[in-house]
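Worksheet: one structure, shown below.
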Number of protein chains: 2
Amino acid sequence: MTEDERTPGRPHVTLQDVARRAGVSLATASRVLNGTTQVRADLRERVLAASGELAYTPNAHAQALAGSSSMAIGVICHDVSDPYFASIARGVMRTAAEHGLMVMLASTFRDPAREIEYIAMLRAQRARAILLIGSGFEDRDWERSMGAELEHYQRAGGRVAVVSRHRTLKADAVLPQNREGAAELARTLVGLGHRDFAVLTGPRLLTTVADRLGGFADALAEAGIELPEDRVIEAGFTRDGGYAAAERLLNGGDLPTCVFAVTDVMAIGALAAFRDHGVDVPGQVSLAGFDDIPIVRDLTPPLTTVALPLDLMGERVMELAVREPASRRSRVERIKGEVVLRSSTAAPRQRR
Amino acid sequence: MTEDERTPGRPHVTLQDVARRAGVSLATASRVLNGTTQVRADLRERVLAASGELAYTPNAHAQALAGSSSMAIGVICHDVSDPYFASIARGVMRTAAEHGLMVMLASTFRDPAREIEYIAMLRAQRARAILLIGSGFEDRDWERSMGAELEHYQRAGGRVAVVSRHRTLKADAVLPQNREGAAELARTLVGLGHRDFAVLTGPRLLTTVADRLGGFADALAEAGIELPEDRVIEAGFTRDGGYAAAERLLNGGDLPTCVFAVTDVMAIGALAAFRDHGVDVPGQVSLAGFDDIPIVRDLTPPLTTVALPLDLMGERVMELAVREPASRRSRVERIKGEVVLRSSTAAPRQRR
DNA sequence: CTGAAAGCGCTTACAG
DNA sequence: CTGAAAGCGCTTACAG
């Protein structure tokens, strides 16, 4: 493409330029290039040739404005650098690519103001769908404002899909079975001989935390094992939170025989704290996480966890957002977690 | 907002609706909302009120089309789930948010066709800038096609900025000092007493691999230490590649006293392979990586590496893309790596 | 300071 | 099948 082949003064080649060079009307050029209607073969050829010669790239904004269709999907997460999100994102990106969609990504760092702001931006972009990846809040205010913002978006034709439970959001959802997975893990650990547990958690307002903690505690209760409140240690929902929680546990006097961190990321921090304080895992204390992010296989010891097919969950949530719903009801896809025993857990030392 | 407050049949509230409700012209409403010109206070008030009452959201496509300005930045990486990218992305996202920009993300999995395709899509979106995160190729063909595509974009006013060296791309760049960092690491390891090395690398066509390997080998040579070709083991540029490379090393007969994996991600794989084969690190072999991704602190043993300020690099590359250049010359920001000694390296056992 | 109007680059009924 | 024209929702010279 050289300067004089396009309309002078314009930085981009337009459909008009292509049509002119091909000797057809704007309409015909448009029809050839997005193949809706039949066009006579020779005209078709000429348009294609002209488009190629001029290296024509359609203006997505003009297309969106004229056709009111956008190829953009908004994806909102808490932190791009969290490996849990990163694994899900892999599936999201792959599936987006397969559908020729662009992903607009936003990190909110759990700042509600930022979440609202991003939804407004995505509304402005006329994103075709918005994906919320990660735990919701058990919080009336947060829910109300998010809900209002999203409904607004949905009324204008936008689609919303989420990974993880959001109490009242009316949206398609991929739901990891957090309660069931945590319960199954508890039963497995009890089966190993453990009777004395602690749980390291993030803020209990997060639905994911509430579900995993609840499922774990309930299963223990069914086995006749109590989880005293002072054995539930709440900290940041991060690696450093796990580290801090484990340190608080260590300072709290006698250790339990088994610790459950509600996410692998927190478990990584806990493992580091145990190592730094000379506590052997699983010799002195067993440790388990949840999620099965890829790295936990490479820890020493490799981490027992509840495996979630994260990549697949990303794929599914994107597909929910893209596929037209058969009915008006929200679709729900439940994802089962599978307990994976690795060397970070063992039978307790002085059993009996 | 209720149905009858906006133009019937339209899903979105438009500026026209706002203007009508405020009793002003389209132009005035526009001026109030993007604050270019002065507008009389009372009109201003009325427009703001109307906009709020109708929950008006501007149509970004119409804005982009009319003003030919887009708030979107394209970010192209190889794999969103790679922790190296994830850390850089954190800085990118934060900086984007500070500037009110949206990030359109693309994963290419190093597929050249996909890279080209994404650049075309970003061109269609009239993205304000494109960020290439990750190593370039020492490959004429790849370079030619990428170069052509990007120049095309740049001629139309697009900005391009990269992290890592791309031989001939005319773009602003954040350049980690791979050669120097690897050389410094080599000197440090030699200082520890090592004389017998192996290097685990990704494809040597990647500029990052070439630079780190080259810097390491040169520094060894300066110390009078040879790095035989069969001590350079090439594999995939991933965790599994590192694992495979380490296994090949183990099968190759006598172990070196020290192994350098050109990225932390490969080092993680190597560490797992050593563990699986009962090779003690650093007892039998020392291991070092490069990048200092967050997780390597939590490995056992924690990994010696060359630390790069990844988050900061993300911030910088975004700022290069956003700030107007003073001259037409490409700007280059060099980033120094710092050797961080952790427990994965030690003096060799049977020294002397 | 304010408004009428042109124009951004497309798509898509509507006639032919 | 093809083309002239209206319209998508804004911004911004250009007059007043």
Side-chain angles (χ1 to χ4, degrees), chain A residues 6-48 50-51 54-71 121 123-126 128 156-157, chain B residues 6-47 50-51 54-71 121 123-126 156-157:
Chain A
R6 44 186 159 83
T7 308
R10 284 211 205 124
H12 293 283
V13 175
T14 69
L15 227 209
Q16 190 60 263
D17 299 327
V18 173
R20 194 179 307 136
R21 179 181 251 256
V24 301
S25 75
L26 238 192
T28 299
S30 172
R31 288 194 269 251
V32 169
L33 262 24
N34 52 47
T36 46
T37 327
Q38 294 301 330
V39 174
R40 220 172 62 212
D42 58 326
L43 296 189
R44 171 176 210 78
E45 295 283 285
R46 267 154 53 196
V47 170
L48 257 17
S51 166
L54 298 178
Y56 169 67
T57 305
N59 183 322
H61 296 299
Q63 289 185 309
L65 191 57
S68 72
S69 88
S70 159
M71 285 288 119
M121 291 178 79
R123 201 150 20 100
Q125 299 287 340
R126 301 298 185 258
R128 171 182 295 210
Chain B
R6 44 187 159 83
T7 309
R10 284 209 205 127
H12 292 283
V13 175
T14 70
L15 228 208
Q16 190 62 262
D17 299 327
V18 173
R20 193 179 309 135
R21 179 181 250 258
V24 301
S25 74
L26 237 193
T28 298
S30 171
R31 287 193 271 251
V32 169
L33 262 23
N34 52 47
T36 46
T37 327
Q38 294 301 330
V39 174
R40 221 171 61 212
D42 59 324
L43 296 190
R44 171 177 211 77
E45 296 283 284
R46 269 155 49 198
V47 170
S51 165
L54 297 178
Y56 169 66
T57 306
N59 182 323
H61 297 300
Q63 289 185 309
L65 191 57
S68 73
S69 88
S70 158
M71 284 288 120
M121 291 178 78
R123 202 151 19 100
Q125 299 288 340
R126 300 298 185 259

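All values below were derived from every heavy atom in this structure, side-chain atoms included, with hydrogens, water molecules and symmetry-related copies excluded. In what follows, chains are A, B, ... by sequence order, proteins preceding strands, each numbered from 1.
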#### Entry: A:Q63 CD to C:dT11 P, straight-line distance once rounded to whole Å
5 Å
### Query
What is the distance, rounded to the nearest whole Å, between atom CD of B:Q125 and atom C1' of C:dG9?
14 Å
### Query
Shortest non-hydrogen contact from A:V39 to A:R44?
CG1-N, 4.0 Å
### Query
For A:Q16 and C:dC8, what is the distance between atoms CD and P respectively, to the nearest whole Å?
10 Å
### Query
Can you tell me how far C1' in C:dG16 sits from the matching atom in C:dT12, rounded to whole Å?
16 Å
### Query
Rounded to whole angstroms, how far apart are NE2 on A:H12 and P on C:dC8?
13 Å
### Task
Examine distances only and state if a side-chain atom of A:R128 and a backbone atom of A:M71 form a donor-acceptor pair shorter than 3.5 Å.
no
#### Entry: Proximal nucleotide (of C:dG9, C:dT2, D:dT2) relative to the A:A62 side chain
C:dG9
### Summary
Residues at least two apart in sequence or cross-chain that pass side chain to side chain donor-acceptor pair (under 3.5 Å) with A:S51, listed by chain then number, are none
### Task
Give the rounded distance in Å between these two atoms: CE of A:M71 and C1' of C:dT11.
14 Å
### Query
Looking at A:T28, does any N or O in its side chain come under 4.0 Å of the phosphate oxygens OP1/OP2 on D:dG3?
yes
### Task
Please report the shortest heavy-atom distance between A:Q125 and B:H61, naming the atom on each side.
O-NE2, 2.8 Å
### Query
Atom CG of B:L26 and atom C1' of C:dA4: how far apart are they, to the nearest Å?
10 Å
### Task
Can you see which heavy atom on B:R46 is nearest to which on B:V24, and at what distance?
NH2-CG1, 4.2 Å
### Query
Can you tell which of C:dC8, D:dC10, D:dT2 lies closest to the side chain of B:L65?
C:dC8
### Query
Where the side chain of B:A66 is concerned, which of C:dC10, C:dT11, C:dG7 is the nearest nucleotide?
C:dG7
### Query
Taking only N and O in the side chain of B:S30, is any of them less than 4.0 Å away from OP1 or OP2 of D:dT11?
yes
Nucleotide N/O to protein N/O under 3.5 Å, stretch nucleotides 13-16 of chain C:
| residue | atom | partner | partner atom | Å |
| --- | --- | --- | --- | --- |
| C:dA13 | N6 | A:R31 | NH1 | 3.4 |

#### Entry: Integer-rounded Å distance: C:dG7 C1' and A:H61 NE2
17 Å
### Query
DNA chain C in dot-bracket, Watson-Crick or G-U pairs under 3.5 Å, [ ] crossing, | other strand?
|||.||||||||.|||
### Task
Tell me, please, which residues at least two apart from A:A62 pass side chain to side chain contact (heavy atoms under 4.5 Å, CB included).
A:N59, B:L65
### Task
Under the salt bridge (Lys or Arg N to Asp or Glu O under 4.0 Å) rule, collect the residues that match up with A:R123, sequence neighbours excluded.
A:E149
### Query
Side chain of B:N59: nearest nucleotide among C:dG9, D:dC10, C:dT2?
D:dC10
### Summary
DNA chain C nearest-nucleotide lookup for B:L43 and B:R126: closer to the 5′ end is B:L43
#### Entry: Taking every non-hydrogen atom, the tightest pair across A:V13 and A:L54
CG2-O, 3.4 Å
### Message
Can you list everything that forms a side chain to side chain contact (heavy atoms under 4.5 Å, CB included) with A:L15? Sequence neighbours excluded, please.
### Response
A:V18, A:L26, A:A29, A:S30, A:L33, A:Y56
### Task
Nearest-nucleotide wise, let me know which of B:P58 and A:G23 is further upstream toward the 5' end of DNA chain D.
A:G23
### Task
Would you mind reading off the distance between A:R20 atom CZ and D:dG3 atom P, rounded to a whole angstrom?
15 Å
### Task
For the side chain of B:R40, starting at C-beta, report the closest nucleotide among C:dT11, D:dT2, C:dT2.
C:dT2
### Message
So which atom in B:R126 and which in B:S70 form the shortest heavy-atom distance, rounded to 0.1 Å?
### Response
O-CB, 3.0 Å
